[in-house]
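Written out below as structure tokens is the structure these notes cover.
Chain letters run A, B, ... following the sequence lines, proteins first and then strands; every chain starts at 1.
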Amino acid sequence: MIFEKRTERILVPMFFMVALFVPLFLESNSFFVGKVTTIIILSIFVMSLDFLVGRVGLITLGHALFYGLGGYLFVILSPEYEAVNFWVYTFYICSISALIALVTGAVVLRTTGIYFIMITLAISQMMFYYFFDSLEYGGDDGMFIFMKPETSIFGLSFLNLDDPQHFYYLALFSLFNTLVFFKVVLRSRFGRIVEATKQNPDRTEALGYNIFAFRLTCYVIGSTLGAYAGFLFALQYGFVNPSFLAWEMSGTALVMSILGGLGTIYGAILGTFTYEGLQYFFEHLTEDWLLFMGSAIILMVIVLRKGIAGYLEKLLEK
Amino acid sequence: MTTELFFVQLINGLQYGLLLFLIASGLTLVFGVMGILNLAHGSMYMVGAYLVWYFATVTGSFTVSAVLSAIIALSLGILIERVLIQRLYNRNHLDQVLLTIGMIFVFNSLQSILFGNDPYGVAVPGALDGGIPFTDNSSYPIYRIFAALVCVAIAGVLYYVVSRTRLGMLIRAGESNREMVEALGVNIKSLYTIVFAIGVMLAAVSGIIAAPMRSIVPGMGESVLITCFVVVVIGGMGSIKGAFVGALLVGLISTFAAVLIPSMSNMIIYIFMILVLLVKPQGLFAK
């Protein structure tokens, strides 16, 4: 069983069971289906960040770089008025993002601790300003995606990305796969060594493992999945702009993953849904929702020391 | 670039660098002494600017407004430390990041509620209005030179306090060994409150000084915060000397880049920071 904790075994199936039926309940209200799709996509992004921060111990404040890259790479690579194949382009975008993560990772992983936080922030800010000031990529307005990709495999097509419900299931399927993927990775031999590099880097190194290589591999994995989430988000809304890679995006994702319970992987879903839910609630309550959002975050740091997942685990584990 | 333009940019760069130092010094002081990563530091800069604007429109006097705003900022610092920051001393950096991001939200929202979202400007105080003739047909604003001098003066006072006074001795001791200082009977709690409040006041004073030179807009805190992080990281986290050198470098580089390579002017300081960290991963003046 890849879900070791009782809390996971209860929460994860419950979440996906409910999520499977969401579009059916909200059929008449496509706005909500779209909204939940966005939150699911964001959960993938937050989950990939949670893997890096909570499991590998790489506290990055520049994860939004890859979220933005996912969208921008699609716009840059695909022809403007021709539908391309979704699977082929997913492969392209993930490979190129992985390559970029490999190069930037080799640079940023030379530093540790607070310096790692800052250098990741610097690299993402650099790219933010690159796209913000660029003429060919639409500057601060960003760019539109006029044609959504088609999804046929060997001539068979099950998904129509223009249909919000189909898109919803694609996002949900991706989230499920990401969760299972991370769980499998973490349970493997590779994952246990990663755990060791976080717990005691010196001893792990003394045992003959190349810590740098393990961290770099994880950085590439997390970043690539972050880019995939950004790609999905860009497809859902049909545009990209520099705000995708702004540091606020990284900061918010970090807040979501800490809120959910750092290092738990499934907590990313809890954190993202709670944050977005609170924001939606406060926005409808008052124009000054930010005041309440900020206060809620402060309160949660003080009260929930291990995030929502930590609190639930305290209730459910024996 | 003509010689004249070069010197104007040089002075501009130094002046911007000194202002950056003033903001960054509070950030690095609080981090160095207390180990607190305060992402809301930029919000304190914003608080200073908005307060001085508000009091200047009410009282009409820049000096009175500046003093009032600085006192309010100091009290605000004490309040925040007592109510929130104190709970963070035994927590990790991530909890600090989370809580201070929450604070950014609260301050941005309060700014919008209290003062609205229009950009504002503060008039240059009468006595400092005008310019110093530079060449036959150009002059340099007196206020900018005054601002630079104030920054130098505060840097001097800060240096004196940290290296020569009893408070400074405690601050330095607290940096190296918290338990030992505590064991010697020093009230570390009040020491931390003082340091944090000074940090907040330094940021707010920078906002006050910057107010007549820059427009006061929502979100001004975040952009200055990120630049300050670049400064502090280049210099070495926690080092006041490093912040000083880092701030001057960043000030000069970004000012000259704006003239020489406009297309890269926003990116250049980040590129510089990455280069510095590649050579010295702990910053230039790491301890």
Side-chain angles (χ1 to χ4, degrees), chain A residues 53-54 59 61-62 104 107-130 132-135 246-248 251-252 254-259 262 279 282 286-307, chain B residues 31 35 37 39-40 43 83-84 87-88 91-113 219 222-223 225-227 229-230 232-234 236-238 262-283 286:
Chain A
V53 177
I59 306 174
L61 206 50
T104 56
V107 174
V108 297
L109 284 167
R110 285 170 47 94
T111 60
T112 50
I114 197 106
Y115 292 92
F116 182 80
I117 302 183
M118 291 306 152
I119 197 167
T120 48
L121 176 70
I123 289 189
S124 78
Q125 282 294 101
M126 207 176 77
M127 288 309 282
F128 169 79
Y129 283 117
Y130 175 74
F132 190 86
D133 292 333
S134 71
L135 296 171
W247 85 276
E248 284 88 348
T252 313
L254 199 56
V255 170
M256 288 171 178
S257 76
I258 303 172
L259 210 58
L262 211 53
Q279 176 163 343
F282 289 137
T286 158
E287 211 177 299
D288 307 305
W289 63 274
L290 209 53
L291 179 66
F292 292 94
M293 198 66 211
S295 315
I297 292 173
I298 293 173
L299 205 69
M300 282 194 221
V301 181
I302 293 168
V303 180
L304 296 173
R305 295 194 62 156
K306 292 209 158 145
Chain B
F31 182 82
L37 186 61
L39 290 183
S43 305
V83 177
L84 297 175
R87 300 168 191 272
L88 288 178
R91 305 271 198 107
N92 58 26
H93 286 320
L94 280 172
D95 282 349
Q96 301 172 0
V97 166
L98 192 54
L99 187 128
T100 49
I101 285 181
M103 277 166 59
I104 294 181
F105 283 12
V106 169
F107 278 104
N108 281 351
S109 181
L110 287 176
Q111 167 262 311
S112 159
I113 294 168
E222 279 87 86
S223 52
L225 171 77
I226 302 284
T227 315
F229 271 127
V230 173
V232 167
V233 167
I234 287 173
M237 289 294 288
S263 62
M264 281 179 70
S265 62
N266 282 319
M267 287 165 69
I268 194 88
I269 56 168
Y270 301 103
I271 297 175
F272 179 63
M273 167 174 160
I274 292 163
L275 291 178
V276 168
L277 289 190
L278 282 179
V279 182
K280 291 200 89 171
Q282 304 289 304

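- For the pair B:Leu94/A:Leu254, a side-chain contact is recorded, criterion being any heavy-atom separation below 4.5 Å from C-beta on.
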Derivation and outcome, side-chain hydrogen bond (donor to acceptor under 3.5 Å, both in side chains), residues A:Gln125 and B:Asn266:
CA-CA 9 Å; A:Gln125 282 294 101; B:Asn266 282 319; over 6 Å; no

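- With a threshold of 4.5 angstrom between heavy atoms, B:Leu225 approaches chain A through side-chain atoms but not through N, CA, C or O.
- Judged by distance alone, with hydrogens and angles left aside, the side-chain atoms of B:Ser109 form no donor-acceptor pair with the main-chain N or O of B:Phe105 at under 3.5 Å.
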Show me the donor-acceptor pairs within less than 3.5 Å that the side chains of residues 113-120 of chain A make with the rest of the protein, sequence neighbours left out.
{"residue": "A:Tyr115", "atom": "OH", "partner": "B:Met237", "partner atom": "N", "Å": "2.9"}
{"residue": "A:Tyr115", "atom": "OH", "partner": "B:Gln282", "partner atom": "O", "Å": "2.8"}
{"residue": "A:Thr120", "atom": "OG1", "partner": "A:Leu61", "partner atom": "N", "Å": "3.2"}
{"residue": "A:Thr120", "atom": "OG1", "partner": "A:Phe116", "partner atom": "O", "Å": "2.8"}
{"residue": "A:Thr120", "atom": "OG1", "partner": "A:Ile117", "partner atom": "O", "Å": "2.8"}

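- Most heavy-atom pairs under 4.5 Å with chain A, from the set B:Val230, B:Ile226, B:Ile113, B:Ile271: that is B:Ile226.
- If you measure heavy-atom distances from B:Val97 to chain A, the contacts under 4.5 Å come from the side chain alone.
- For A:Ile302, the parts lying under 4.5 angstrom from a heavy atom of chain B are both the backbone and the side chain.
- The closest side-chain heavy-atom distance from B:Asp95 to A:Ile258 is below 4.5 Å.
- With a 4.5 Å cut-off on non-hydrogen atoms, A:Asp288 touches chain B through its backbone and its side chain both.
- When heavy atoms are compared at a cutoff of 4.5 Å, B:Ile101 approaches chain A solely by way of its side chain, counted from C-beta outward.
- In this view, B:Val106 and A:Leu291, A:Ser295, A:Ile298, B:Leu110 satisfy the side-chain contact (heavy atoms from CB on, under 4.5 Å) rule, not counting sequence neighbours.
- The contact between B:Leu37 and chain A is made entirely by side chain atoms (from C-beta outward), counting heavy-atom distances below 4.5 Å.
- Proximity to chain A is limited to the side chain of B:Phe31, based on heavy atoms less than 4.5 angstrom apart.
- No part of B:Met264 comes within reach of chain A, as not one of its non-hydrogen atoms sits under 4.5 angstrom from that chain.
- Within a 6.0 Å sphere centred on CD of A:Glu248, heavy atoms belonging to other residues, nucleotides or ligands number more than 12.
- Only the side chain of A:Leu121 comes within less than 4.5 Å of a heavy atom in chain B; its backbone stays farther off.
- Of the two parts of B:Ile268, neither the backbone nor the side chain holds a non-hydrogen atom closer than 4.5 Å to a non-hydrogen atom of chain A.
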